[in-house]
A.B. asks: 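Before we start, here is the structure in question, set down as structure tokens.
If you read the sequence from its start, that first residue is 1, and numbering goes on from there. In this text the structure is predicted, and so the values were computed from the model without any measurement.
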Amino acid sequence: GRHHLPDLPGQGLPDLLAADSVNHMVHRSDPRTGEFLESLTRDWAGLQFRQPNDIGIAADDSIYFTDPDWQSSTGGRIFLIRPGTKRQTVLLDEGLNTPNGITVSPDEQRVYVSQSRAHNILVYDRRPDGTLENRRVFLDLAAAAGTGSAVPDGVRCDVQGNVYVGMVGLGRILIIYPDGALHPRFIQTGGKSPTNITFCGPERRILYITEAERGRVEKVRVAYPGLR
């Protein structure tokens with residue numbers, strides 16, 4: 001996934017943030033005109049971002065994003081863009097296997113990351129300053145769900161702490177309980193390649209799904225409101 005549509009009233013940011021894989025940055029733009037406004041990672045002086053892929057936002061406006069390396073199983077990284085008027089980009093972890101989707105838990109205590117070619121979901125504990133610690137495997141999807149060659153892509157949480165995962169090649173959105181157990185139910189998509197997912201609507205109970213195989217956006221109503 002490349003784009004995220006948060007609601008940030010009064011936060012000094014427009015509605016549209018993009019993890020820009022072509023120009024190697026995370027930027028903000030005007031959702032009404034598409035006008036580029038600024039790079040949020042312009043302060044970064046380290047190794048160039050390879051392919052910023054997905055964004056997750058905490059309640060305090062901390063922005064997390066993934067930077068996979070599709071040529072290497074150990075070149076992926078995840079970053080934090082600190083909130084405030086003068087944003088700072090911080091490397092959180094590296095040596096990852098194609099980190100893709102990223103999201104923050106409803107209690108703000110965890111951050112989840114899908115690793116596409118590792119076929120798993122990682123979870124980190126979130127420190128008060130927004131940095132992460134204690135990386136571990138939250139769920140091995142190939143073992144738990146029998147997903148075979150299907151790869152996890154976008155991830156989002158609902159208010160109950162359930163984690164929704166788009167599975168490219170399987171045509172499903174899997175749901176994982178907060179304890180790491182796989183929910184027996186899943187969301188079937190019209191095509192085999194659900195990628196980005198996000199919650200929208202007045203109650204945030206509509207899950208929007210970008211489906212790459214057929215090149216369309218799908219939506220489904222879910223049981224609980226979702227997080228941005």
Side-chain angles (χ1 to χ4, degrees), residues 1-69 76-94 96 99-114 122-135 154-159 161 196-204 208 225-228:
R2 297 178 183 174
H3 298 85
H4 182 64
L5 288 167
D7 292 327
L8 298 174
Q11 297 291 323
L13 287 174
D15 291 336
L16 182 61
L17 305 182
D20 188 339
S21 61
V22 175
N23 295 301
H24 310 286
M25 69 174 76
V26 174
H27 66 75
R28 65 186 186 98
S29 59
D30 189 319
R32 294 161 294 275
T33 66
E35 177 188 1
F36 174 89
L37 297 174
E38 67 168 329
S39 167
L40 297 176
T41 52
R42 61 185 179 277
D43 69 293
W44 178 249
L47 181 68
Q48 183 184 40
F49 306 120
R50 295 178 176 90
Q51 190 178 28
N53 187 279
D54 202 5
I55 293 170
I57 304 175
D60 66 358
D61 200 21
S62 296
I63 299 170
Y64 295 89
F65 71 95
T66 57
D67 183 36
D69 181 353
R77 302 179 291 175
I78 57 174
F79 290 86
L80 163 69
I81 305 174
R82 294 190 187 277
T85 54
K86 187 176 181 181
R87 290 186 172 269
Q88 178 188 13
T89 306
V90 179
L91 174 64
L92 296 176
D93 200 6
E94 56 189 336
L96 302 179
N100 195 327
I102 190 165
T103 194
V104 183
S105 66
D107 63 4
E108 305 276 309
Q109 298 301 304
R110 291 179 168 190
V111 170
Y112 299 97
V113 178
S114 65
L122 301 177
V123 61
Y124 296 81
D125 295 324
R126 186 171 181 258
R127 299 187 184 103
D129 66 354
T131 58
L132 306 179
E133 63 181 353
N134 193 23
R135 182 219 307 172
V155 294
R156 282 292 177 264
C157 285
D158 66 21
V159 296
N196 260 10
I197 56 176
T198 194
F199 293 94
C200 296
E203 299 177 336
R204 288 193 176 273
Y208 282 83
L227 305 177
R228 63 181 180 177

A.B. asks: With rounding to the nearest 0.5 angstrom, report the CG to OG1 distance, L227 to T198.
C.D. replies: 10.0 Å

A.B. asks: Hey, could you give me the CG/CD1 distance between N196 and I55, rounded to the nearest 0.5 Å?
C.D. replies: 9.5 Å

A.B. asks: For Y112, enumerate each residue passing the ring-ring contact (aromatic ring centres under 6.0 Å, His included) test, keeping only those at least two apart in sequence or located in another chain.
C.D. replies: F138

A.B. asks: Any side-chain heavy atom of V26 within less than 4.5 Å of one from F79?
C.D. replies: no

A.B. asks: Mind checking whether Y64 and I78 have side chains closer than 4.5 Å, heavy atoms only?
C.D. replies: no

A.B. asks: Contact between F36 and N23 at the side-chain level, heavy atoms closer than 4.5 Å - yes or no?
C.D. replies: no

A.B. asks: Quick check: does any side chain N or O of D43 sit under 3.5 Å from a backbone N or O of T89, one acting as donor and the other as acceptor?
C.D. replies: yes

A.B. asks: Between R87 (side chain only) and R82 (backbone N and O only), is there a donor and an acceptor less than 3.5 Å apart?
C.D. replies: yes

A.B. asks: Would you compute the distance between atom CZ of R156 and atom CD1 of I197 and round it to the nearest 0.5 angstrom?
C.D. replies: 7.0 Å

A.B. asks: Starting at CG of L47, measure out to CG of L91 and round the result to the nearest 0.5 Å.
C.D. replies: 9.5 Å

A.B. asks: Does the side chain of F65 come within less than 4.5 Å of T41's, by heavy atoms?
C.D. replies: yes

A.B. asks: Looking at L40 and I81, what are the two nearest heavy atoms and their distance?
C.D. replies: O-CG2, 3.7 Å

A.B. asks: Taking only Lys NZ, Arg NE, NH1 and NH2, and the carboxylate oxygens of Asp or Glu, determine whether E38 and R28 approach each other closer than 4.0 Å.
C.D. replies: yes

A.B. asks: If the threshold is 4.0 Å, N to carboxylate O, is there a salt bridge linking R127 and D129?
C.D. replies: no

A.B. asks: Would you check, one step at a time, whether the test side-chain contact (heavy atoms from CB on, under 4.5 Å) holds for V111 with L92?
C.D. replies: CA-CA 11 Å; V111 170; L92 296 176; over 6 Å; no

A.B. asks: Is a side-chain donor or acceptor of S39 paired with a backbone partner of R42 at a separation under 3.5 angstrom?
C.D. replies: yes

A.B. asks: Roughly how far, to the nearest 0.5 Å, is the CG atom of L16 from the CD atom of E35?
C.D. replies: 12.0 Å

A.B. asks: If you round to the nearest 0.5 Å, how far is CG of D158 from CZ of R204?
C.D. replies: 12.5 Å

A.B. asks: Which of these, T131, N134, D93, sits in a side-chain hydrogen bond (donor to acceptor under 3.5 Å, both in side chains) with Y124?
C.D. replies: D93

A.B. asks: Compare every heavy atom of H24 with every heavy atom of F49, then report the nearest pair and how far apart it is.
C.D. replies: O-ND1, 3.0 Å

A.B. asks: What's the shortest heavy-atom distance between G101 and S114, and which atoms?
C.D. replies: N-OG, 2.7 Å

A.B. asks: For a quick test of reading the model, state the closest non-hydrogen atom pair linking Q51 to P68 and the distance between them.
C.D. replies: O-CD, 3.1 Å

A.B. asks: What's the shortest heavy-atom distance between R126 and S62, and which atoms?
C.D. replies: NH2-OG, 3.6 Å

A.B. asks: Got a sec, which residues hit side-chain hydrogen bond (donor to acceptor under 3.5 Å, both in side chains) with D107, two or more places apart in sequence or on another chain?
C.D. replies: S105

A.B. asks: Give a yes-or-no answer on whether the side chains of N100 and T66 include a donor-acceptor pair shorter than 3.5 Å.
C.D. replies: no

